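We name chains A, B, ... by the order of the sequence lines, and we start the count at 1 in each one. Computed from a predicted structure; not experimentally measured.
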Amino acid sequence: MLHGLKKRNWKDDQLSIINRILELDDTRRRLQQEIEQCQASLKKYATEIGQLYKEGKAQEAEAAKVEVASIKEQMKAPENELREVKTELENLLLEIPNVPHKLVPFGQSEEDNEVYKAWDKPLPELPQDALPHWELAKKYQLFDLELGTKLTGAGFPVYLGQGARLERALINYFLDRAHQAGYKEVSPPLLVNADTARATGQLPDKEGQMYYVERDNFYLIPTAEVPVTNLYRDTILEESDFPIKLTGYTPCFRREAGSYGAHVRGLNRVHQFDKVEIVRIEHPDNSYQALDEMLEHVSSLLDELELPYRIVRLCGGDLGFTSALTYDFEVYSAAQKRWLEVSSVSNFETFQSHRLRLRFKDGKKKRLAHTLNGSALALARIVAALLENNQSPEGIHLPKVLHPYTNFPLISPQTTP
RNA sequence: GGUGAGGUGGGUGAGUGGCUUAAACCGCCGGUUUGCUAAACCGGUGUCUCGAGAAAUCGGGACCGCGGGUUCGAAUCCCGCCCUCACCGCCA
């Protein structure tokens with residue numbers, strides 16, 4: 001475990017909190033035993049006193065009460081100490097991220113991520129006058145960022161006409177494909193309470209990333225992962241319930257403080273975007289096979305959309321707090337000449353299920369299940385790449401697989417808006 | 001938003017201070033009987049946590065929506081909160 005945490009570039013003083021936790025846990029046990037012993041004798045006295053009163057031995061009962069009072073007095077100190085120890089312990093435990101899987105490479109930042117599956121065909125080349133997607137959006141009136149700013153603020157795009165229809169087409173296409181792959185569709189609430197946000201690990205780590213509705217104490221979901229995975233909070237499954245495969249479309253809301261400039265132009269980074277998520281709850285023995293299946297699923301979507309992509313394995317420095325192993329899918333955006341992250345597929349092992357109290361019966365024992373999820377897919381950047389890579393003098397050609405969904409094969413000024 | 005009624009185990013549901021170790025019924029698991037199925041009968045049937053043990057298991061503690069309080073003793077009494085249902089108001 002310590003070796004694993006070093007992959008997250010933990011310094012020695014951070015590692016020492018592990019020792020502190022072990023120490024606190026010992027104290028906790030000792031105090032708990034001490035208190036429970038007292039409780040046991042209090043229980044005995046209570047029945048005894050009841051008995052004595054019934055027999056009319058009031059004097060003896062009074063004597064016993066004095067005894068009880070002294071035990072209670074004696075319990076006070078350990079009780080207070082236990083409360084403190086428990087609080088400190090819980091706070092420390094919430095600070096511990098998931099332990100990276102053995103495949104996770106060492107590294108500081110996304111620079112150190114490992115290309116797991118490269119794009120082995122030539123990358124598309126566009127003519128010199130090729131436009132980035134935010135220019136194309138203006139040209140064909142597909143979405144409008146300034147209108148969004150008027151309604152809300154920066155980072156809330158308004159999709160219009162063919163842009164809005166393309167958005168809807170992609171959602172339906174992704175949902176249908178997930179359905180075909182055996183995922184059960186869920187349409188969850190977009191606001192969740194703090195318990196829900198904590199169980200999937202958004203709280204306390206990503207507090208600042210979520211929009212918060214103070215009046216009702218609700219959080220706007222940053223991803224469908226949160227409500228969908230939480231369907232199984234406080235659940236005990238049978239082994240025969242596996243695998244559990246869920247999918248859901250939701251808008252996702254992210255405050256995304258930080259990072260400005262060209263990289264966040266257009267749809268590259270927005271506060272609200274649409275996403276179809278796939279979630280799996282698996283037997284620990286099968287979770288890595290499930291992860292591979294999810295990679296296959298996402299790959300097949302990108303193949304069908306005819307987008308060039310690569311898969312990278314996140315290094316320790318880039319790995320999310322809750323994840324044990326994450327693969328990112330990056331689509332090549334020809335006009336921007338850069339790779340855009342469009343999907344992130346992760347195995348959380350027992351990290352979330354511990355907080356979810358999501359277990360299954362393994363014979364007589366109960367064990368924590370494994371949870372996984374992945375974007376399949378995130379819309380905004382897919383739209384960006386589709387627009388840029390498929391631009392041509394006559395318009396933007398959409399991949400065949402989308403035609404039944406859009407009812408138009410080409411985006412052009414001539415197409416019905 | 002207003003008024004009222006409620007929240008008990010997998011389900012229904014009894015339980016107004018100690019006889020509750022939460023009744024009873026249903027469900028589920030095991031067994032007996034029986035050509036098979038069914039029925040009947042018998043036994044078992046929660047979660048968390050601490051300790052002992054190689055394990056089966058055994059022992060302690062907590063848990064009747066959540067959190068406090070009263071009491072020697074709380075499912076039961078008191079206070080706060082959350083939620084559900086019904087009706088009214090508003091409304092896609």
Side-chain angles (χ1 to χ4, degrees), chain A residues 21-94 96 151 168 187-199 203 212-220 226-227 230-242 244 249-251 281 350-369:
Chain A
I21 284 170
L22 294 174
E23 193 183 301
L24 284 169
D25 191 54
D26 272 350
T27 316
R28 196 203 92 232
R29 270 183 238 196
R30 182 176 55 74
L31 290 169
Q32 188 173 329
Q33 276 172 46
E34 196 179 318
I35 288 164
E36 283 175 3
Q37 241 163 36
C38 292
Q39 283 173 329
S41 59
L42 285 180
K43 252 186 162 178
K44 264 192 213 123
Y45 273 118
T47 355
E48 217 175 285
I49 290 169
Q51 201 61 37
L52 289 171
Y53 272 124
K54 208 179 294 173
E55 292 165 8
K57 298 175 183 166
Q59 218 167 20
E60 287 173 48
E62 291 303 323
K65 278 194 201 179
V66 174
E67 204 49 44
V68 165
S70 98
I71 294 174
K72 279 193 165 176
E73 194 57 39
Q74 194 188 323
M75 279 170 74
K76 268 186 191 160
E79 270 175 351
N80 289 334
E81 199 183 340
L82 182 64
R83 207 170 303 131
E84 281 166 31
V85 165
K86 273 188 167 171
T87 312
E88 190 182 346
L89 199 54
E90 277 163 27
N91 290 340
L92 286 179
L93 285 172
L94 282 174
I96 308 234
L151 300 183
R168 180 160 55 88
S187 182
L190 306 182
L191 283 78
V192 296
N193 59 34
D195 282 344
T196 298
R198 195 172 303 113
L203 291 179
Y212 176 55
V213 182
E214 195 166 357
R215 192 184 167 107
D216 295 296
N217 206 5
F218 292 148
Y219 294 86
L220 273 71
V226 177
N230 267 277
L231 295 173
Y232 285 86
R233 177 148 50 91
D234 285 312
T235 301
I236 299 173
L237 298 166
E238 301 292 336
E239 260 186 87
S240 58
D241 293 331
F242 294 123
I244 292 173
Y249 152 71
T250 68
I281 296 166
T350 60
F351 186 89
Q352 291 183 327
S353 56
H354 189 254
R355 293 167 188 223
L356 288 157
R357 293 173 299 277
L358 165 55
R359 289 153 297 158
F360 68 97
K361 287 186 196 163
D362 184 10
K364 285 201 166 180
K365 300 254 185 253
K366 280 159 217 85
R367 291 172 61 193
L368 293 169

[atom1] of [X] to [atom2] of [Y]: how many Å apart, nearest 0.5 Å?
{"X": "L42(A)", "Y": "I35(A)", "atom1": "CG", "atom2": "CD1", "value": "11.5 Å"}
{"X": "Q352(A)", "Y": "N230(A)", "atom1": "CD", "atom2": "CG", "value": "8.5 Å"}
{"X": "L356(A)", "Y": "T235(A)", "atom1": "CG", "atom2": "OG1", "value": "8.5 Å"}

Counting heavy atoms from C-beta on, name the nucleotide in [options] closest to the side chain of [X].
{"X": "E36(A)", "options": "rA62(B), rG18(B), rG60(B)", "result": "rG60(B)"}
{"X": "K43(A)", "options": "rC72(B), rA62(B), rU49(B)", "result": "rA62(B)"}
{"X": "R29(A)", "options": "rG51(B), rU49(B), rU47(B)", "result": "rG51(B)"}
{"X": "V68(A)", "options": "rC72(B), rA56(B), rC50(B)", "result": "rC72(B)"}
{"X": "Q39(A)", "options": "rA62(B), rC50(B), rC72(B)", "result": "rA62(B)"}
{"X": "Q32(A)", "options": "rU47(B), rA56(B), rU49(B)", "result": "rU49(B)"}
{"X": "Q33(A)", "options": "rG73(B), rA56(B), rC50(B)", "result": "rC50(B)"}

Any strand is fair game: report the nucleotide pairing with [N] by Watson-Crick or G-U wobble, both distances under 3.5 Å, or none.
{"N": "rA22(B)", "answer": "none"}
{"N": "rA75(B)", "answer": "none"}
{"N": "rC90(B)", "answer": "none"}
{"N": "rG35(B)", "answer": "none"}
{"N": "rA52(B)", "answer": "rU57(B)"}
{"N": "rG4(B)", "answer": "rC85(B)"}
{"N": "rU45(B)", "answer": "rG27(B)"}
{"N": "rG80(B)", "answer": "rC66(B)"}

Distance-only donor-acceptor check, side chains N217(A) and Y212(A), under 3.5 Å
yes
Using the [atom1] atom on both, measure [N] against [M] and round to a whole Å.
{"N": "rA74(B)", "M": "rG15(B)", "atom1": "C1'", "result": "13 Å"}
{"N": "rG46(B)", "M": "rU21(B)", "atom1": "C1'", "result": "15 Å"}
{"N": "rG44(B)", "M": "rG4(B)", "atom1": "C1'", "result": "43 Å"}
{"N": "rC72(B)", "M": "rG11(B)", "atom1": "P", "result": "36 Å"}
{"N": "rG9(B)", "M": "rC28(B)", "atom1": "C1'", "result": "13 Å"}
{"N": "rG30(B)", "M": "rU70(B)", "atom1": "C1'", "result": "46 Å"}
{"N": "rG13(B)", "M": "rU8(B)", "atom1": "C1'", "result": "9 Å"}
{"N": "rC29(B)", "M": "rC19(B)", "atom1": "P", "result": "34 Å"}

How many Å lie between [atom1] on [X] and [atom2] on [N], as a whole number?
{"X": "L237(A)", "N": "rG10(B)", "atom1": "CG", "atom2": "C1'", "answer": "15 Å"}
{"X": "K365(A)", "N": "rU57(B)", "atom1": "NZ", "atom2": "C1'", "answer": "10 Å"}
{"X": "L31(A)", "N": "rA62(B)", "atom1": "CG", "atom2": "P", "answer": "17 Å"}
{"X": "E48(A)", "N": "rG18(B)", "atom1": "CD", "atom2": "P", "answer": "18 Å"}
{"X": "E238(A)", "N": "rC29(B)", "atom1": "CD", "atom2": "P", "answer": "11 Å"}
{"X": "R357(A)", "N": "rC63(B)", "atom1": "CZ", "atom2": "P", "answer": "18 Å"}
{"X": "D195(A)", "N": "rG67(B)", "atom1": "CG", "atom2": "P", "answer": "12 Å"}
{"X": "M75(A)", "N": "rC72(B)", "atom1": "CE", "atom2": "P", "answer": "15 Å"}

So which one's nearest nucleotide on RNA chain B is more toward 5', K65(A) or Q37(A)?
Q37(A)
If you assign each of L42(A) and K361(A) to its closest nucleotide in RNA chain B, which residue comes earlier from the 5' end?
K361(A)
Taking CD in Q59(A) as the centre, count heavy atoms belonging to other residues, nucleotides or ligands within less than 6.0 Å. Is the count above 12?
no
Please assess E62(A) against K65(A) for the test salt bridge (Lys or Arg N to Asp or Glu O under 4.0 Å), listing each intermediate value before the final yes or no.
CA-CA 5 Å; E62(A) 291 303 323; K65(A) 278 194 201 179; 3.8 Å; yes
Ion pair check, R29(A) and D25(A), cut-off under 4.0 Å:
yes
Side-chain N,O (R28(A)) to OP1/OP2 (rC50(B)) below 4.0 Å
yes
Closer than 4.0 Å, any side-chain N/O of K366(A) to the OP1 or OP2 of rG46(B)?
no
Indicate, with a heavy-atom threshold strictly under 4.0 Å, whether K44(A) touches base, sugar-phosphate, or nothing.
nothing
Contact class for A40(A) vs. all strands (heavy atom < 4.0 Å): base, sugar-phosphate, or nothing?
sugar-phosphate
Is the closest side-chain heavy-atom distance between R30(A) and E81(A) below 4.5 Å?
yes
